Amino acid sequence: MSSHRPPPVTSHRQAAMERDSSSDEEEELIHQKQGNAPRSHSSSHFQPLTSRITSNFNFNFNFPFQKRYLFAILPLFAILLYYALPDSHSLFSLSSVNLNLRHDQPEESQLRALYLLRQQQLGLLHALNSTSQTHILKSLLSNQISLNSQIQQLLLSPYTTATSLHFRNAACGTVDQKLLERRTMEWKPKANKFLVAVCVSGQMSNHLMCLQKHMFFAALLNRVLVIPSSKVDYEYERVLDVEHMNKCAGGKVKAVITFQEFSSMRKNGMHEGKFLCYFSLPRPCYLDEEHLRKLKSLGLLSTNKPAAVWDEDARKPRKRSVEEVVSRFSREEKEDVLVIGDVLNADVEEEWVTQAGGPLAHRCKTLIQPNRLIFLTAQRFIQTFLGRNFLALHFRRHDFLNFCNGKKPSCFYPIPQAADCILRVVERANAHLIYLSTDAAESEIRLLQSLLVLEGRHVPLVKRPPRNSAEKWDVLLYRHHIEGDPQVEAMLDKTICAMSSVFIGASGSTFTQDIRRLRKDWGSASLCDEYLCQGEEPNVVAEIE
């Protein structure tokens with residue numbers, strides 16, 4: 001990529017992002033087109049437009065499911081003919097229709113037409129995102145969304161930029177998370193009862209998801225959550241806002257404390273407690289010898305060995321109810337301290353736990369969110385480089401080739417195919433540039449950038465640049481001496497992606513999953529959000545070794 005700042009192309013540093021190994025990913029919870037239509041509205045341009053439309057309606061009625069989508073799409077013809085034909089030569093002799101081309105505002109009838117088109121587009125987007133049918137159906141829906149967008153732009157072309165943007169941006173509106181229907185429970189921790197979380201699977205994103213489930217367990221057991229020690233885990237206080245957690249949880253007793261705070265309390269003679277494992281296989285608590293030694297040095301294993309509460313294999317977890325968890329783990333209710341092993345893969349009330357805002361009652365949008373310094377730095381970067389309407393892309397490569405090719409279907413796409421998929425979303429979202437969070441090699445990034453061309457214009461890929469003292473967007477990280485920390489940089493990447501208008505993620509990555517969680521909780525999740533090439537298979541897949 002070139003060496004100057006955006007637009008159109010920014011000088012970049014490799015975005016500091018988690019590089020989960022393929023073995024880490026095996027522990028993970030694995031669980032669209034707007035272009036610029038011709039601005040001319042004379043009759044000479046009607047034939048090319050109708051040609052494009054008829055080519056898009058080249059249906060093969062032997063294909064199942066198409067008839068119901070045909071009925072949803074046919075009204076486009078009537079709307080197009082009604083507004084696109086000139087008054088003096090209208091097929092319907094609509095002499096009373098006045099497009100009011102000299103004014104900045106559309107007629108009421110045109111507003112109604114645009115509203116109907118937009119409603120249809122939202123319905124098509126919903127169908128595209130929810131259907132699990134073949135690639136042909138996905139392609140058909142995507143083409144009709146594109147056609148819908150072209151007609152909207154034709155109707156908007158005579159009017160001001162502000163009017164046009166209002167309607168274009170509405171196509172990728174935010175998802176209604178139905179927050180009034182949230183199922184929640186109160187967290188009422190007892191001041192002298194603690195749950196010490198242990199998370200060992202994978203990298204930081206896995207650990208954050210593990211911590212979220214530990215928080216749920218702590219609430220179920222009416223205990224204070226103790227964040228893992230940095231001597232055996234990450235330095236959570238650098239990336240998470242612990243003060244925010246307690247402020248939002250409310251209550252007289254602090255719901256979350258650091259391990260340092262917990263250690264100070266233990267000096268007053270607190271008993272060691274019990275070490276319990278949710279998983280018994282492939283080994284209790286997922287602990288290897290190195291982790292056992294570190295935990296023992298913290299005084300968490302001086303007399304007790306980890307004991308499984310039931311037979312459970314982390315590779316094939318069973319669905320468990322809240323009642324089961326409370327029944328098994330409450331047997332040690334008399335213990336002041338419960339140390340509970342990794343629960344990343346625990347399948348307990350999954351739909352409840354992953355709903356927008358999480359399962360616990362609180363005063364904020366989310367309990368687990370980035371450190372305030374990271375949050376503000378992300379806002380400053382967006383204000384400096386990206387602006388309001390930008391698309392974010394988590395483009396996972398590095399170890400993803402082997403990991404994805406071990407799955408069926410594979411989730412590793414050739415760069416030309418990935419570029420086509422990205423451009424479809426860029427067009428739908430009407431985004432001017434893309435924030436890139438990636439571990440890809442520069443050779444891959446350069447090729448991707450060269451292929452991201454929409455209607456003759458390159459769509460810039462923007463990454464965070466190297467430190468420059470003339471820039472002030474990242475000064476907070478330097479003032480507080482957390483710059484250069486890989487986990488801080490990874491969380492900064494996540495936060496920027498979570499604040500984007502539209503997000504394209506990497507299927508199978510917990511880095512992406514955590515971004516999607518934040519977007520859902522913050523209310524920024526878009527109808528146009530999707531995984532890269534969602535619904536498609538790679539057009540080339542290498543053989544396994």
Side-chain angles (χ1 to χ4, degrees), residues 179 182-199 204-205 207-268 270 273 298 300 329 336-340 343 352-379 476 480 482 485 487-488 491-492 494-495 498 514 517-518 520-523:
L179 295 178
R182 278 184 68 219
R183 174 189 173 194
T184 61
M185 64 168 291
E186 295 291 333
W187 187 0
K188 299 178 179 179
K190 298 175 182 176
N192 62 337
K193 299 292 182 180
F194 302 91
L195 188 157
V196 181
V198 176
C199 298
M204 177 58 115
S205 293
H207 288 226
L208 291 178
M209 295 173 73
C210 172
L211 188 66
Q212 184 181 16
K213 292 186 179 182
H214 272 300
M215 184 177 286
F216 183 44
F217 278 36
L220 290 175
L221 301 172
N222 297 318
R223 290 176 176 269
V224 175
L225 176 66
V226 181
I227 291 177
S229 167
S230 59
K231 293 181 179 179
V232 295
D233 205 332
Y234 294 104
E235 214 167 337
Y236 287 92
E237 296 92 313
R238 282 194 162 209
V239 296
L240 297 181
D241 194 335
V242 179
E243 183 180 348
H244 167 87
M245 296 179 195
N246 286 307
K247 177 182 177 182
C248 296
K252 297 179 181 179
V253 177
K254 288 178 67 173
V256 183
I257 62 173
T258 65
F259 195 86
Q260 186 175 1
E261 291 175 288
F262 173 68
S263 296
S264 299
M265 297 176 183
R266 292 181 68 198
K267 291 177 181 178
N268 297 325
M270 189 183 300
L298 293 174
L300 298 177
F329 286 90
D336 292 339
V337 180
L338 277 187
V339 184
I340 298 182
V343 293
W352 184 14
V353 171
T354 59
Q355 70 179 345
L360 307 181
H362 53 80
R363 305 170 181 173
C364 307
K365 292 182 178 180
T366 185
L367 283 173
I368 300 179
Q369 71 173 28
N371 178 303
R372 179 69 176 165
L373 297 174
I374 295 173
F375 186 90
L376 292 174
T377 300
Q379 287 184 329
L476 291 176
H480 292 83
I482 59 174
D485 183 318
Q487 303 312 323
V488 170
M491 184 59 81
L492 178 56
K494 283 185 184 179
T495 310
D514 202 36
R517 175 190 67 82
L518 283 172
K520 184 166 56 177
D521 289 357
W522 286 346

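Note that the numbering runs from 1 along the sequence shown for the chain. Bear in mind the structure is a predicted one, so any value in this text is a computation, not a measurement.
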**Report entry** Q379 CD: over 12 foreign heavy atoms closer than 6.0 Å
**Finding:** yes
Report summary line: Closest non-hydrogen atoms of T184 and A361, given as atom of the first, atom of the second and distance, are CB-N, 3.8 Å
Requested in this report: With rounding to the nearest 0.5 Å, note down the distance linking CD in Q487 to CG in N371.
Outcome: 13.5 Å
Report task. State which residues pass salt bridge (Lys or Arg N to Asp or Glu O under 4.0 Å) with D521; sequence neighbours excluded, sorted by chain then number. Result -> R517
Query raised in the report: Where is the tightest heavy-atom contact between S205 and K494, given as atom of each residue plus distance?
Result: OG-NZ, 2.8 Å
Query raised in the report: Hey, what do you get for OH (Y236) to CG (L211), rounding to the nearest 0.5 Å?
Result: 5.5 Å
Report task. Report, as yes or no, whether the 6.0 Å neighbourhood of atom CD on Q260 holds more than 12 heavy atoms from other residues, nucleotides or ligands. Result -> no
**Report entry** Sequence-distant partners of Q369, side chain to side chain donor-acceptor pair (under 3.5 Å), two or more places apart
**Finding:** W522
Query - CH2 on W187 to CE on M215, rounded to 0.5 Å - result: 4.5 Å
Query raised in the report: At what distance, to the nearest 0.5 angstrom, does CG of L208 lie from CG of L518?
Result: 9.0 Å
Query - Y234 side, atom OH; L240 side, atom CG - distance, nearest 0.5 Å - result: 12.5 Å
Query raised in the report: Short question: side chain of H214, backbone of I227 - any donor-acceptor pair under 3.5 Å?
Result: no
Query - Straight-line distance of E243 CD to K254 NZ, nearest 0.5 Å - result: 8.5 Å
Donor-acceptor pairs under 3.5 Å, side chain of residues 219-226 to any protein atom, not counting sequence neighbours: which ones?
{"from": "R223", "atom 1": "NH1", "to": "F194", "atom 2": "O", "distance (Å)": "3.0"}
{"from": "R223", "atom 1": "NH1", "to": "E335", "atom 2": "O", "distance (Å)": "3.2"}
{"from": "R223", "atom 1": "NH1", "to": "D336", "atom 2": "O", "distance (Å)": "3.0"}
{"from": "R223", "atom 1": "NH2", "to": "E332", "atom 2": "O", "distance (Å)": "3.4"}
{"from": "R223", "atom 1": "NH2", "to": "E335", "atom 2": "O", "distance (Å)": "2.7"}

